[in-house]
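Some notes on the structure that comes next.
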2 protein chains.
Amino acid sequence: MKFEGNLGRIVLPACLIRGHCAVCGARETSVCGSLDDRGLDELSALSQPHEAAPGESLYDEGDSADAYFNVTSGTVRVVKLLRDGRRQVLGFAGRGDFLGLAIKGEFVAGAEAVDRVRYCRLPLGPFRALLERRPALQRRLYQIVADDLAAQQDQLLMLGRKTARERVAFFLFKIAARGAKDAVELPMSRLDIADYLGLTIETVSRTFTQLRKAKIVALPKADRIVVLDPPRLEALAEGGSQN
Amino acid sequence: MKFEGNLGRIVLPACLIRGHCAVCGARETSVCGSLDDRGLDELSALSQPHEAAPGESLYDEGDSADAYFNVTSGTVRVVKLLRDGRRQVLGFAGRGDFLGLAIKGEFVAGAEAVDRVRYCRLPLGPFRALLERRPALQRRLYQIVADDLAAQQDQLLMLGRKTARERVAFFLFKIAARGAKDAVELPMSRLDIADYLGLTIETVSRTFTQLRKAKIVALPKADRIVVLDPPRLEALAEGGSQN
DNA sequence: CGTTATCTTGACGTACATCAAATGTCGTGG
DNA sequence: CCACGACATTTGATGTACGTCAAGATAACG
């Protein structure tokens, strides 16, 4: 699916008292947090709110990259494909997360909505102009990219050297850490999880039941987890050799 | 090995007519390329040339991060470890490459000299001050981080979804692309390569001989490769299902 | 309520790991 | 120059964690 298909559909209310950015729920957690009211007005003027249905892509790998993206609600998966269909999910992005940073003229990975997603499209030209005028925003963006780099290095270690059990624990621990609540939603399918962890759906499923039987997590529903023993889950995720 | 052990040993000639940066062989290929003569003088004033013997570490994972590093000659491996000794090599850095970008107060990975390495240490304080005064340098640095991010995403796909044969082809193709010469040196050991590709030394060795027998590469010596059939090597590296 | 997609569980296969030995490479000293 | 030892690499034999193939069990949806 070509990105152009989405361009016309401005769905969110785009004009409010101070512009939509001022009322955006993602403000505190995203780049926008580094901006004052005037900066927020300028951001509102250039950012384009959009919405994507489950499975729809925000952009595809190889599309010419003329914008950054900021997720305001829902979950996005970032994917790379091999010609024969093998797929690697590079990560999941949620509220406040910034997408499209790894560009070399074209996007080097695609972004697809897992569930219903709302996001803002930030055209590169105007956004870069704003960056020039707002050093705080620039520093924040640099920090985000550096953090992404560090997070990806954890993933490289995971994919290169961890067992299936450790990988699943790694995933669940990361997801649970975001939620901070007792029960956490898993909006993505087993296939998405498997492609994120470099495994198959069957192995993911089997490992889930292993962890359930070991009383480390509970899975009241297929898309819901409760971490029963956070220390053991973390130890497993970090490669603790304990079974 | 603690990084502090290296701090005192300033080995390279540190004072020349325009400062050592002006005569540095890595200048064209590194961040320094974005600086004019005055900027180069300032960089010379703050950068600290060092040298490391094979196996010695420039810094370790977990060390408090107070500097960036710029490799001027030799090869560095960037590594992450699991408590039980499992190791993932995140990448190899050579002349002109920038290290220490993925920091969160501490280095999230270590850097070790593969062979004899010369590098410059750029203390964060002065370097960031220079960045403020040199927007071109800042843009260049941002571009480097974004490129690193994209390169790591290729690696995630490799580790998550490629076969041993495709991984080895991926590695050889990348190495050969740098060299651009007929025969390319492999300064790193089979263990380094294996830990980079998420494999064992035995599998790497076996796969080398497979590729040799398939006339895709030649290995006149263990640490030297010649790519005989670049298109096939690339096709393999990209997951082409052809044997 | 059927119908269909998703998830789980089971039986079996395989790519790569592990264990072990042979071969090659290089530095050192006689 | 050659003999020796230490270590890296290659090759071989065997094991196993995870993949593949194939049913069931659940859940989602009209």
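For clarity, every value in this text was computed on a predicted model and none was experimentally measured. Chain letters run A, B, ... following the sequence lines, proteins first and then strands; every chain starts at 1.
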How close or far is atom [atom2] of [N] from atom [atom1] of [X], stated in whole angstroms?
X        : N      : atom1 : atom2 : answer
A/Leu219 : D/dT26 : CG    : C1'   : 14 Å
B/Gln210 : D/dT10 : CD    : C1'   : 13 Å
A/Phe208 : C/dT8  : CZ    : C1'   : 12 Å
A/Lys162 : D/dA17 : NZ    : P     : 19 Å
B/Glu166 : C/dA15 : CD    : C1'   : 12 Å
A/Arg165 : D/dG19 : CZ    : P     : 15 Å
A/Arg224 : C/dC7  : CZ    : P     : 15 Å
A/Arg190 : D/dA25 : CZ    : P     : 18 Å

Closest nucleotide among D/dT11, C/dC7, D/dC18 to the A/Ser189 side chain
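Nucleotide nearest to A/Ser189's side chain: C/dC7.
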
Is the B/Tyr196 ring parallel, tilted or perpendicular to the B/Phe170 ring (thresholds 30°, 60°)?
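Parallel, since the angle between the ring planes stays under 30°.
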
Interatomic distance, B/Thr72 atom OG1 to B/Asp97 atom CG [nearest 0.5 angstrom]:
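Answer for the OG1-CG pair, B/Thr72 versus B/Asp97, is 11.5 Å.
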
Measure the spacing between CD of B/Gln88 and CD of A/Gln155 and express it to the nearest 0.5 Å.
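Atom-to-atom, B/Gln88:CD and A/Gln155:CD are 12.0 Å apart.
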
Those residues of residues 193-206 of chain A lying under 4.0 Å from DNA chain C by at least one heavy atom
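Those residues whose heavy atoms fall under 4.0 Å from DNA chain C, taken from residues 193-206 of chain A in numerical order, are A/Glu202, A/Ser205, A/Arg206.
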
Work out which heavy atom in A/Leu156 is nearest to a heavy atom in B/Leu159; give both atom names and the distance.
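Closest approach of A/Leu156 to B/Leu159: O-CD1, 3.5 Å.
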
Partner residues of A/Leu191 under the side chain to side chain contact (heavy atoms under 4.5 Å, CB included) criterion, sequence neighbours left out
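So A/Leu191 forms a side chain to side chain contact (heavy atoms under 4.5 Å, CB included) with A/Arg87, A/Ser189, A/Asp195, A/Ile201.
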
Any chance you could lay out the side chain to side chain donor-acceptor pair (under 3.5 Å) test for A/Ser73 and A/Arg118, step after step, and finish with the verdict?
CA-CA 5 Å; A/Ser73 80; A/Arg118 283 185 291 196; 3.3 Å; yes

Most 5' of A/Pro220 and B/Thr209 on DNA chain D, judged by nearest nucleotide
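It is B/Thr209 whose nearest nucleotide is closer to the 5' end.
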
If you assign A/Arg212 and A/Arg161 each to the DNA chain C nucleotide with the nearest heavy atom, which residue ends up on the more 5' nucleotide?
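That would be A/Arg212.
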
Please tell me whether B/Phe69 and B/Phe98 form a close aromatic pair, meaning their ring centres lie under 6.0 Å apart.
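No - the distance between ring centres of B/Phe69 and B/Phe98 does not fall below the 6.0 Å cut-off.
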
